Amino acid sequence: MAAPRRDTRGIVDASGLFTRVQFRRRTPAVPLRPYVEHYWLIDWDLSEPYATHVVPHPCVNLVFQRYADRPGFAEVTGAGRALFAQKLAGRGRVCGVQFRPGGFRPFTPERPATDWTDRRLPLATVFGTGEAAGAVAGPETAAPGAEPEAAVPMAGPDAVAAVSEPPDAVAAVLEPEDEGARVAALDAFLIPRLRAGPHTLAQADLAMALADRIRADRTIRRVADFAASEGLSVRALQRLFAGYVGVSPKWMLLRYRVHEALERAAADADIDWAALAAELGYSDQAHLIREVTATVGVPPTAYVR
């Protein structure tokens with residue numbers, strides 16, 4: 001069984017966060033492992049508020065959460081292109097599911113991944129409520145980027161309170177003090193909702209494999225060359241990513257570069273930015289600095305202080 005990854009990529013000031021919270025990653029049940037990167041569990045009991053920031057991965061998360069000032073709730077967060085911030089205060093708990101890029105579509109086969117991008121939606125909006133939650137809409141669409149038909153109505157972040165949550169699911173995940181029970185509850189929620197047909201599963205497998213290569217292969221510089229190496233046209237690659245990942249392959253490539261740059265900078269305050277820029281495939285140091293500044297809001301020299 002592959003262990004969850006141990007890197008801190010995407011977490012701004014990871015050391016500051018980890019001194020304030022209990023943070024763990026857990027492996028999902030066997031049927032879910034092709035699609036779920038890991039579960040992530042956070043508990044905190046703070047005497048002073050703390051704001052955590054994350055540079056999101058190009059993937060969907062399902063997050064069950066409870067904060068000191070509100071009852072438990074759950075939401076689906078799509079691939080986010082902006083810096084994510086969350087204030088932690090008092091006591092709280094989060095039990096999250098990070099899907100692999102492309103791995104969420106098999107759980108909502110009738111909806112293209114772009115429906116979730118840059119959005120935070122109540123659990124009931126995405127999966128429905130009660131017994132209907134496992135069969136929200138009609139048959140899956142064949143085209144990865146097709147417009148949904150008879151789809152679940154969407155809602156913006158300000159509509160979270162207006163949509164009723166499936167309370168049993170939220171309580172089952174958040175209430176147990178035993179960590180294994182929380183993991184089992186996440187497994188129990190997700191396994192019945194893995195309902196895609198063969199076409200969607202095959203396309204999801206392809207999207208996940210291509211996303212994995214973009215994450216791991218530093219020799220990839222241009223989307224056109226990458227598409228050609230995989231026997232795809234640029235347009236076909238873009239359509240696949242729109243339908244199954246929710247962001248473009250070019251955006252994913254840039255986001256993973258920024259993740260690595262931030263992680264390397266956090267580990268070495270005296271990092272050679274020019275050398276790092278060349279290693280990551282940027283045209284020059286200024287290009288890397290612009291990307292990092294646009295992502296986290298401050299230049300790299302300020303970030304590492």
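Since the structure is predicted, the reported quantities are computational estimates derived from the model, not experimental observations.
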>> Can you tell me how far apart CG (L62) and CZ (R193) are? Round to the nearest 0.5 Å.
In response: 9.5 Å
>> If I take atom OG from residue S233 and atom CG from residue L240, how far apart are they, to the nearest 0.5 angstrom?
In response: 10.5 Å
> Would you say L253 and L206 are hydrophobically clustered, going by side-chain heavy atoms of ILVMFWY under 4.5 Å?
Replying inline: yes
> Given side chains that start at C-beta, do those of I220 and D225 come closer than 4.5 Å, heavy atoms only?
Replying inline: no
> Same cluster or not: are I191 and V126 linked, directly or through other Ile, Leu, Val, Met, Phe, Trp or Tyr residues, by side-chain heavy atoms under 4.5 angstrom apart?
Replying inline: yes
>> Is it the case that the side chain of R66 and the backbone of F73 share a donor-acceptor pair, with hydrogens and angles ignored and the cut-off at 3.5 Å?
In response: no
>> Could you go through I271 and W273, starting from their C-alpha distance and side-chain angles, then the distance that decides it, and tell me whether this counts as side-chain contact (heavy atoms from CB on, under 4.5 Å)?
In response: CA-CA 6 Å; I271 194 167; W273 287 100; 3.4 Å; yes
> Hey, are the side chains of F241 and P249 touching, using non-hydrogen atoms and a 4.5 Å cut-off?
Replying inline: yes
>> Would Q86 and Q65 count as a side chain to side chain donor-acceptor pair (under 3.5 Å) here? Give the steps.
In response: CA-CA 12 Å; Q86 178 66 57; Q65 46 205 310; 5.9 Å; no
>> What verdict does the side-chain contact (heavy atoms from CB on, under 4.5 Å) test give for R100 and D212, after you've listed the backbone C-alpha separation in whole Å, the side-chain angles of each residue and the deciding distance to 0.1 Å?
In response: CA-CA 9 Å; R100 295 176 61 191; D212 282 346; 2.3 Å; yes
>> With side chain to side chain donor-acceptor pair (under 3.5 Å) as the criterion, how do R20 and S47 come out once you've worked through the C-alpha distance, each side chain's angles and the decisive distance to 0.1 Å?
In response: CA-CA 10 Å; R20 293 171 171 86; S47 58; over 6 Å; no
> When rounded to the nearest 0.5 angstrom, what is the spacing between CD in E263 and CG in D268?
Replying inline: 12.5 Å
> Any donor and acceptor pair, going by atom type alone, linking the side chain of T117 with main-chain N or O of G246 inside 3.5 Å?
Replying inline: yes
>> Looking at R26 and W40, would you say the former's side chain and the latter's main chain have a donor-acceptor pair under 3.5 Å?
In response: no
> Is L88 close to P49 at the side-chain level, that is, under 4.5 Å between some pair of heavy atoms?
Replying inline: no
>> Between R111 (side chain only) and R105 (backbone N and O only), is there a donor and an acceptor less than 3.5 Å apart?
In response: no
> Is V55 close to F84 at the side-chain level, that is, under 4.5 Å between some pair of heavy atoms?
Replying inline: no
> Just by modelled atom types, is the R290 backbone N or O under 3.5 Å from a matching donor or acceptor in the T293 side chain?
Replying inline: no
> Looking at side-chain heavy atoms only, is the closest gap between F107 and V97 below 4.5 Å?
Replying inline: no
>> Starting from V54, can I reach V60 by hopping between I/L/V/M/F/W/Y residues whose side chains sit under 4.5 Å apart?
In response: no
> Between R257 and E291, is there a side-chain N and carboxylate O pair less than 4.0 Å apart?
Replying inline: no
> Would you find a donor on one side and an acceptor on the other, under 3.5 Å apart, between the side chain of D284 and the backbone of A286?
Replying inline: yes
> Is the distance between the ring centroids of F99 and W116 less than 6.0 Å?
Replying inline: no
>> Let me confirm one number: the CG-NE2 distance from D7 to H259, rounded to the nearest 0.5 Å.
In response: 9.5 Å
> Honestly curious: do V296 and I289 fall in one hydrophobic cluster under the side-chain, below-4.5 Å linking rule?
Replying inline: no
> Below 4.5 Å, heavy atoms only, C-beta onward: do Y282 and L276 meet side chain to side chain?
Replying inline: no
> Is NZ or CZ of R25 both nearer than 6.0 Å to the six-membered ring centre of F23 and within 45° of the ring axis?
Replying inline: no
>> Donor-acceptor check, side chain of R24 to backbone of Q22, threshold 3.5 angstrom: yes or no?
In response: yes
>> Could you check whether any side-chain heavy atom of Y35 comes within less than 4.5 Å of a side-chain heavy atom of L194, counting everything from C-beta outward?
In response: yes
> Distance from T295 atom OG1 to L262 atom CG, nearest 0.5 Å?
Replying inline: 7.0 Å
> Looking at G80 and R255, what are the two nearest heavy atoms and their distance?
Replying inline: O-NH1, 3.5 Å
> So, R264 and E279, do they make that salt bridge, N to O below 4.0 Å?
Replying inline: yes
> Between V183 and L41, is a side-chain contact (heavy atoms from CB on, under 4.5 Å) present by the stated rule, with each step listed?
Replying inline: CA-CA 9 Å; V183 170; L41 311 178; 4.3 Å; yes
> Can you check whether G78's main-chain N or O pairs, donor with acceptor, with D118's side chain at less than 3.5 Å?
Replying inline: no
> With a 4.5 Å heavy-atom cut-off, do H38 and T27 have their side chains touching?
Replying inline: no
>> How close do L210 and F226 get, counting heavy atoms only, and between which atoms?
In response: O-CZ, 3.7 Å
>> Over 60° means perpendicular and under 30° means parallel, so tell me whether Y67 and W44 are parallel, tilted or perpendicular.
In response: tilted
>> So, taking the atom named CG in L17 and the one named CD1 in I42, what distance separates them when rounded to the nearest 0.5 Å?
In response: 6.0 Å
> So, for V173 and C95, which heavy atoms are closest and what is the spacing to 0.1 Å?
Replying inline: CG1-CB, 3.6 Å
> Is F18 linked to V94 within one hydrophobic cluster, defined over Ile, Leu, Val, Met, Phe, Trp and Tyr using a side-chain heavy-atom separation of less than 4.5 Å?
Replying inline: yes
>> side-chain contact (heavy atoms from CB on, under 4.5 Å) for Y39 and L190? Distances and angles first, verdict last.
In response: CA-CA 12 Å; Y39 297 151; L190 287 173; 3.8 Å; yes
> Closest heavy-atom contact between A196 and L201?
Replying inline: O-CD1, 3.8 Å
> So, for G281 and R221, which heavy atoms are closest and what is the spacing to 0.1 Å?
Replying inline: CA-NE, 3.3 Å
>> Between R215 and E260 (salt bridge meaning N to carboxylate O under 4.0 Å), is one present in this structure?
In response: no
>> Is there a salt bridge (charged side-chain N to carboxylate O under 4.0 Å, His left out) between D43 and R91? Walk through the geometry before answering.
In response: CA-CA 8 Å; D43 291 272; R91 298 184 64 185; over 6 Å; no
> Shortest non-hydrogen contact from S229 to R213?
Replying inline: OG-NH1, 2.9 Å
>> Please confirm whether the ring centroid of F127 lies under 6.0 Å from the ring centroid of F189.
In response: yes
> Should E175 and R93 be marked as a salt bridge (charged side-chain N to carboxylate O under 4.0 Å, His left out) after you check the CA-CA gap, both sets of side-chain angles, and the distance that decides it?
Replying inline: CA-CA 9 Å; E175 288 187 0; R93 169 172 293 168; over 6 Å; no
